[in-house]
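Take a look at the structure set out below.
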2 protein chains.
Amino acid sequence: MEKEITIYDLAKILALSPATVSRALNDHPAINAKTKVLIAEKAAELGYRSNTFASHLRTRKTNTLGVIVPRLNSNFMSTVLAGMEEVANNVGYNLLISQSLESEVKERANAKTMFNSRVDGLLVSVAYDTYSFGHFSTFISRNIPVLFFDRILTHPQCGAVIIDNEQAGYDATRHLLDQGCRRIMHVTGDLRRNVYGDRLEGFKRALAGQNLSLDNRLILSTDLSQEAGRAVAEQIDQMQEKPDGLFIANDLCAAICMQALKEKGYAIPGDVAIVGFNNDPVSQVVSPQLTTIFYPGYQMGKTAMTTMIGQLNGTRPIDHSEPIILRSELIIRRSSILLEKS
Amino acid sequence: MEKEITIYDLAKILALSPATVSRALNDHPAINAKTKVLIAEKAAELGYRSNTFASHLRTRKTNTLGVIVPRLNSNFMSTVLAGMEEVANNVGYNLLISQSLESEVKERANAKTMFNSRVDGLLVSVAYDTYSFGHFSTFISRNIPVLFFDRILTHPQCGAVIIDNEQAGYDATRHLLDQGCRRIMHVTGDLRRNVYGDRLEGFKRALAGQNLSLDNRLILSTDLSQEAGRAVAEQIDQMQEKPDGLFIANDLCAAICMQALKEKGYAIPGDVAIVGFNNDPVSQVVSPQLTTIFYPGYQMGKTAMTTMIGQLNGTRPIDHSEPIILRSELIIRRSSILLEKS
DNA sequence: GTGAAAGCGCTAACAT
DNA sequence: ATGTTAGCGCTTTCAC
């Protein structure tokens, strides 16, 4: 068990003051370049490591940012986190990551832990059933910035990074319409959640653009689980007037639904054309491959983190009136192609 | 911006000493139960939160554990993390999570960050190409416990939690043999990595059990990526003596390979029976559904964390001579069923 | 059962 | 360019 080296040890050995050592280690401009080198070398030689707790205690900053996500195990979320990590690492921030497992109760507990760990800022994509803002207002009242991404809560003091879900919903629906579908069913999540509500708006706009009326029986609000995918297939099988197009706001759910439909004898895309959402790996593995919306996860993570850090540095003017919107993209695959390109 | 309450504030208000407040808050036995209640109530009322940095500075414990995983975006890994989180939360530990993105270089950087953050312990599943132990020996020399899980490095001072990969490899292969396969190809990862090396051993044992000779051309060491899956299909298509069974050590890779084979006109399982590994969601989405090995992720996370915390508490006798082995299980699906059950 | 006081390692006025 | 000093908020030994 080696003894921990402190700046006092370094100071004594080099016949300098602890203050000088501290400044040198922090690259303070007032310190002579040669002394800096001297100190850095000695520090390295003795295996010195800064005691972050003493430092945090003094500076009242932790250099740690909290991230709360619904689940880690989605291709999207872990890509977002990779993007966040890259940016954070580069400027010396650590990440405290936790998952709410889609439950507001757990999210609340996570937020509390983050608060007690004194994160400098908090990045959140909210759980499926989160509607109260209460567990975040403690942060706001202590001036700790909170930034939402993807699944956002709208609050005047919080930034947000999202894709244009309305446009994505429009693109997906419009594509089905262009393929000749006239009776499109939309399977989505809780409509109070921005990602689902906005996609529905896009869905409606696309229908309206073709002067198609909206049939509310064709809008299904589910939990987008695998079971929901199976249930949707069952429901379609029971329907009198069956849909000829299916826009499902989640790839895994869509893939399962497609599979169930195939088992019931439906041809995809012949009987039902399908579009999913997220560009999850499953979308490439099902047959036929699933048309979907590409979600720029890495970019979203980087943007969110850059925004957060800019806000912490005070370098970036903060405008929370408008969310930052990233570009998403329709990826057309076999599950929805009814017309050969001319 | 509210002012931060300290134990000094509480002490002054209640006309007690900071020492008493501190002890009460930490549930010290010597403190009168009534004073404890009094202090707890006041603390809650004023929104007091312990300054962990001051505390950590004093106690030289951080109550934070580091976790390094290859990638967050696998169903397996995020399930492991959920298990870890549950246990850690219950006993008041925080988790600092980072991903190595399968690179030893990044893993090394992560480890350094963890070290500088003074984690009390480190849990690691190593990257695809990690072979040196160097970046962990700093922890060992400072008596910070390091525990490996799933992808392990064998070291006398480090614990390990794994599944019995040899047995799983045996089960998978044996199943294919039982279905009548006689020429089984095994697609795997870097054989120096325990998870892949051990599975190969099981593969060999199963073949030997049927007195089948081992054909080294049927053992493919790849990176198990989606591209690898396609490449394997291509290779099989070119082979003179084609395999009748395929054991691929990763579900996504197996699914992609299956898809590519189907496109080339091969019947699955008729021409080639396939077994994957991990019970990833994709295994249920491909058609035919993929036979695979169930990996007990949640359990592994809980076990690893419990072991780590036991070691930190000194409550659990530490025996690093043997890894902890969890039970895995063959899940038989349509991709490998050649014989109807009699 | 409670208090006094020292010190964990660092940083930032304020000096020089 | 470098040094002196105080204090961040907590825990803990030693008193009483």
Side-chain angles (χ1 to χ4, degrees), chain A residues 1-40 42-43 46-64 92 94 115-120 142, chain B residues 1-40 42-43 46-64 92 94 115-120 142:
Chain A
M1 182 76 155
E2 301 165 22
K3 188 199 165 296
E4 205 69 58
I5 304 288
T6 73
I7 52 168
Y8 288 94
D9 299 324
L10 291 174
K12 191 171 292 174
I13 293 169
L14 296 167
L16 288 167
S17 78
T20 304
V21 175
S22 170
R23 285 191 268 248
L25 257 16
N26 289 303
D27 207 20
H28 188 107
I31 301 292
N32 188 304
K34 287 172 184 164
T35 357
K36 277 185 191 168
V37 173
L38 207 69
I39 291 174
K42 206 63 184 176
L46 299 182
Y48 166 81
R49 56 174 176 167
S50 165
N51 186 320
T52 52
F53 302 107
S55 168
H56 294 162
L57 181 58
R58 248 330 290 240
T59 59
R60 295 144 169 292
K61 281 201 55 188
T62 65
N63 268 352
T64 299
N94 290 330
F115 186 68
N116 288 331
S117 307
R118 307 201 177 211
V119 294
D120 291 339
R142 280 220 164 71
Chain B
M1 182 76 157
E2 302 165 20
K3 190 198 162 293
E4 205 68 58
I5 304 287
T6 73
I7 52 169
Y8 287 93
D9 299 324
L10 291 174
K12 192 170 295 175
I13 292 169
L14 296 167
L16 288 168
S17 76
T20 303
V21 175
S22 170
R23 283 192 269 247
L25 259 14
N26 288 304
D27 207 19
H28 188 108
I31 301 293
N32 188 305
K34 287 171 186 167
T35 5
K36 276 185 192 169
V37 172
L38 207 69
I39 292 173
K42 205 64 183 176
L46 299 181
Y48 166 81
R49 53 174 179 166
S50 164
N51 186 320
T52 53
F53 302 108
S55 167
H56 294 163
L57 179 58
R58 253 320 299 236
T59 60
R60 294 144 170 293
K61 281 202 58 188
T62 66
N63 268 353
T64 300
N94 290 329
F115 186 67
N116 288 332
S117 307
R118 306 198 179 215
V119 294
D120 291 339
R142 280 220 163 71

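Naming: A, B, ... by sequence-line order, numbering from 1 per chain.
S22(B) comes within 4.0 angstrom of a base, heavy atoms only. Looking at heavy-atom distances under 4.0 Å, R60(A) makes contact with sugar-phosphate atoms alone, never a base. Here T6(B) lies in heavy-atom contact (under 4.0 Å) with sugar-phosphate atoms only.
E4(B) has no carboxylate O lying under 4.0 Å from a charged side-chain N of R60(A), or vice versa, which leaves the two without a salt bridge.
In this structure, the NZ atom of K12(A) is 15 Å from the P atom of dG3(D), given to the nearest Å. Summarising the geometry, the separation between CD1 on I5(B) and C1' on dC8(D) is reported as 16 Å, rounded to the nearest angstrom. Rounded to an integer number of Å, the gap from R58(A) CZ to dC8(D) P is 8 Å. Regarding K34(A), its NZ atom lies at a distance of 13 Å from the C1' atom of dA1(D), rounded to whole Å.
Under 4.0 angstrom from either OP1 or OP2 of dT2(D) there lies at least one side-chain N or O belonging to T35(A). For the OP1/OP2 pair of dT11(D) and a distance below 4.0 Å, the side-chain nitrogens and oxygens of S55(B) include at least one atom meeting the criterion.
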(message) Set out, in order, the CA-CA distance, both residues' side-chain angles and the distance that settles side-chain contact (heavy atoms from CB on, under 4.5 Å) for D9(A) and L46(A), then state yes or no.
(response) CA-CA 10 Å; D9(A) 299 324; L46(A) 299 182; 5.7 Å; no
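In this structure, T6(B) contributes its side chain and Y8(B) its backbone to a donor-acceptor pair below 3.5 Å. Remark: side-chain polar atoms of H56(B) are paired, donor with acceptor, to backbone N or O of T62(B) under 3.5 angstrom. Judged by distance alone, the side chain of S55(A) and the main-chain N or O of N51(A) form no donor-acceptor pair under 3.5 Å. A donor-acceptor pair is defined here as one N or O able to donate and one able to accept, closer than 3.5 Å; no such pair exists between the side chain of R23(A) and the backbone of I31(A).
Sorted by residue number, the members of residues 25-33 of chain A with any non-hydrogen atom under 4.0 Å from DNA chain D read A30(A), I31(A), N32(A).
Proximity note for Y8(A) (side chain, C-beta onward) versus dG9(D), dT2(D), dA6(D): the nearest is dA6(D).
Extent of DNA chain C lying under 4.0 Å from chain A heavy atoms, first and last nucleotide in 5' to 3' order, is dG9(C) to dA13(C).
Between I39(A) atom CD1 and N32(A) atom CG the span is 9.5 Å, to the nearest 0.5 Å. Taken to the nearest 0.5 Å, the NE2 atom of H28(B) stands 10.0 Å off from the OG1 atom of T20(B).
At least one side-chain heavy atom of I7(B) sits less than 4.5 Å from a side-chain heavy atom of L25(B).
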